[in-house]
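The structure appears below as structure tokens.
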4 protein chains.
Amino acid sequence: MAKLLDAGAQVFATKGFHAARVDDIVKAAQTSHGTFYLYFPNKEALFRALAEDVAAQMEGLSESLGPVTPDEAGKSELRAWLARFSEVYERSGAVIGAWTAAETGDSEVGRIGTELLGGFAVMLSRRISGGTPDGVEPAVAAMALVAMIERYQYYALSGMVRADRDAVLDTLAGVTHAALFGAVAGAPVRAS
Amino acid sequence: MAKLLDAGAQVFATKGFHAARVDDIVKAAQTSHGTFYLYFPNKEALFRALAEDVAAQMEGLSESLGPVTPDEAGKSELRAWLARFSEVYERSGAVIGAWTAAETGDSEVGRIGTELLGGFAVMLSRRISGGTPDGVEPAVAAMALVAMIERYQYYALSGMVRADRDAVLDTLAGVTHAALFGAVAGAPVRAS
Amino acid sequence: MAKLLDAGAQVFATKGFHAARVDDIVKAAQTSHGTFYLYFPNKEALFRALAEDVAAQMEGLSESLGPVTPDEAGKSELRAWLARFSEVYERSGAVIGAWTAAETGDSEVGRIGTELLGGFAVMLSRRISGGTPDGVEPAVAAMALVAMIERYQYYALSGMVRADRDAVLDTLAGVTHAALFGAVAGAPVRAS
Amino acid sequence: MAKLLDAGAQVFATKGFHAARVDDIVKAAQTSHGTFYLYFPNKEALFRALAEDVAAQMEGLSESLGPVTPDEAGKSELRAWLARFSEVYERSGAVIGAWTAAETGDSEVGRIGTELLGGFAVMLSRRISGGTPDGVEPAVAAMALVAMIERYQYYALSGMVRADRDAVLDTLAGVTHAALFGAVAGAPVRAS
DNA sequence: TATGAATGAGATTTCATTCAT
DNA sequence: AATGAATGAAATCTCATTCAT
């Protein structure tokens, strides 16, 4: 039921998986405990439903990244993709955030998130055209950058950092692109 | 008491804050519930004690980063610092990981971690000498890179990624340095 | 819930506030701990609910005392009031008794009883018509008599004294009336 | 040990038997748990020791009441006795108060108080010379008056009533005497 | 379908008592 | 004699889940 999914997304986002009470969710959904268990066999099932929904959106996102070349076009491609990622994250990032909060060793729940992010990294490393700076393992770099992207959005979402959207996208794209390929020689450099 | 702190670190690391039971902790510490409450007024107090301890270690770490210049020396400085960070993380990262799991809105607990990471970012942005690539806000970049570093270590710790230590340090240093300054023009570039 | 209130009244009466276990109460109510905490946030809340209920009954009692004159009519008025008091006490005196057992300094609980008895004393002193014997302060006397009435009922309830109801009422009315006004001169006096 | 007895008296007085923690007592006595159990096998033993001490004082008090006659001499006798009672109560009344708080059904503890007060009543009824007003059972009256005396002192001690000592003694003596014998015909009567 | 009162297993917390030093 | 850290049985309280209506 949609009401429950919405309520769950909101409550899990606010309090995390463990601290979220079924009671909180049914109150937010303006329904009853009975109804909750009519649609979901248990609390984790609702969480998984949300997670799978997000995973599907992310799956699509994964495929939407074109080749990331070392030139400006590659950076733009990256930025555009980050913009789409950001949008999904704004809608459902709460659940993604809760994933990591679904604490290690947790019955399956954490696994979904893990696999999803791993998938992104694989995808990203596949899209990299050109080379990487000396000493940089593409697989490791891709994973690290995915970590950065996800985490930074999480910080932004949770109010930990406040920065305007465009600056964030420019910076993440710039950082990621530079990280992968190094700045184009002769590119303008801002004095710090 | 040391036994309880150790046990707490281990259990919180394994199960996260919420899923960790006082019972798990006292069993791991081979002591009794009574003893637990003799030293800590409640579960959160033990967690906070651990967190503050880690925060202190991190504080020291923060000050140990020298100037990060755009040349190879800067990259080495960064790598050395990452190695130290990594060591602390290996010992206590479990608690750091649990911070984010101590989930939003959680009475103070989450705040410690938030502030700590913010502090790192500020420190990192202060150490940056030279300039940053066009479009890259130093403050945003620093925060993003801290997010990357912390998160990647978390992934490594939780077994999500498996990579040998040196490769990881090389890559993180390379990525971070490149992200901040771009690859030095003419540097050898590996074919992907 | 009525079952819990009844059970609480009975258990508090038997064992006092502190010695009463939530377990005793839910067993007496033939229900579960969960149900207890569904209706009351804690043990004290149930006690307070009972106390407030008794206080309400007592409030009504207070208003039901007519003028107590020095003649026989005054004594009858007093006796009738004592009979009503006694009835309330028999039903709920257990809680009243537990008040004093809810021991000094106890978060609010004791206060209710204190104020209630003080209210009775004020009321009684207002109803006294005529005069009081030399050296007798009406306010002090009223308080002392309320103490006597309450305490004696408590003794009777707790089985500390055994006496038939009519004799008790006659004696309390006689003692109180005599205490307030002295025996009517020339009244028949029993040899001891 | 004297320190523990003093501390016990004070703590039991403040919090009652159940709410008093052994910890409170040893802290007040500036000693340790170990020492407590060196001198007393358990918490109740300390309470009983205090109670027996008070009982001994009271025992003496009981015997010190001379004949209470219906005339002014009887009233003075009563007043003098009340003054002595009051003194004992001021020192140890806390324990007496805690007796009734040692809640019904409590392992022996409550019994001591009960028997003591019953003894007072018996003693008082024996000392009554003359007669009692019509309808007043001497035994019941004596018990009721003892209840009044004890309870009123308790109220005074616990700060529930505030009145100066002489007025209280005058009033209690006056009330008790009048209650037993009625005012002497022709005695001055204060307008209310 | 929907409800929400009821449940009870399991979590946290307290505190009288013990015992090695 | 004195200590106080340690204990664990027993208490309070929580919350995911069930079920009669």
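Residue numbers start from 1 in every chain, and the chains themselves are labelled A, B, ... in the order their sequence lines are given, proteins ahead of strands. Computed from a predicted structure; not experimentally measured.
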Min side-chain heavy-atom separation B/Leu5-B/Tyr39 under 4.5 Å: no
Would you work out how much the helix from E/dA2-F/dT21 to E/dT21-F/dA2 bends between its ends, with each end axis defined by five base pairs, to 10 degrees? 10°
Hey, what are the protein-to-nucleotides 8-11 of chain F N/O distances that come in under 3.5 Å?
from	atom 1	to	atom 2	distance (Å)
F/dG8	N7	B/Gly34	N	3.4
F/dG8	O6	B/Gly34	N	3.4

For atom NZ of D/Lys27 and atom P of F/dT3, their distance in whole Å: 15 Å
Identify the two heavy atoms, one from B/Ala29 and one from B/Leu4, that lie closest to each other, and give their separation to 0.1 Å. CB-CD2, 3.9 Å
Is it true that a side-chain atom of C/Thr14 and a backbone atom of C/Gln10 form a donor plus acceptor pair closer than 3.5 Å? yes
Opening and closing nucleotides of DNA chain E in contact with chain A, under 4.0 Å to non-hydrogen atoms: E/dT1 to E/dA5
Please answer whether the main-chain N or O of D/Arg21 pairs with a side-chain N or O of D/Asp24 as donor and acceptor at a distance below 3.5 Å. yes
Look at the aromatic rings of A/Phe47 and A/Phe12 and report parallel, tilted or perpendicular, splitting at 30° and 60°. perpendicular
Can you give me the closest heavy-atom contact between B/Arg151 and A/Arg151, atom names plus distance? CD-CD, 3.2 Å
Judged by each residue's nearest nucleotide on DNA chain F, which is more toward the 5′ side, B/Met1 or A/Pro41? B/Met1
Between C/Phe36 and B/Asn42, the residue closer to the 5' end of DNA chain E by nearest nucleotide is C/Phe36
When you compare the side chain of C/Phe36 with that of C/Met1, does any pair of heavy atoms fall below 4.5 Å? no
Whole-Å distance separating the OH atom of D/Tyr39 from the C1' atom of F/dT3: 12 Å
Any side-chain heavy-atom pair of D/Phe40 and D/Arg48 under 4.5 Å: no
Cation-pi check, D/Lys43 to D/Phe17: give yes when NZ or CZ is under 6.0 Å from the six-membered ring centre and within 45° of the ring axis, no otherwise. yes
To check you understand the geometry: which heavy-atom pair defines the closest contact between D/Ala28 and D/Val11, and what is its length? CB-CG2, 4.1 Å
5'-most contact on DNA chain E (nearest-nucleotide basis), B/Tyr37 vs C/Leu38, goes to C/Leu38
Heavy atoms, side chains only, cut-off 4.5 Å: are A/Ile25 and A/Leu46 in contact? yes
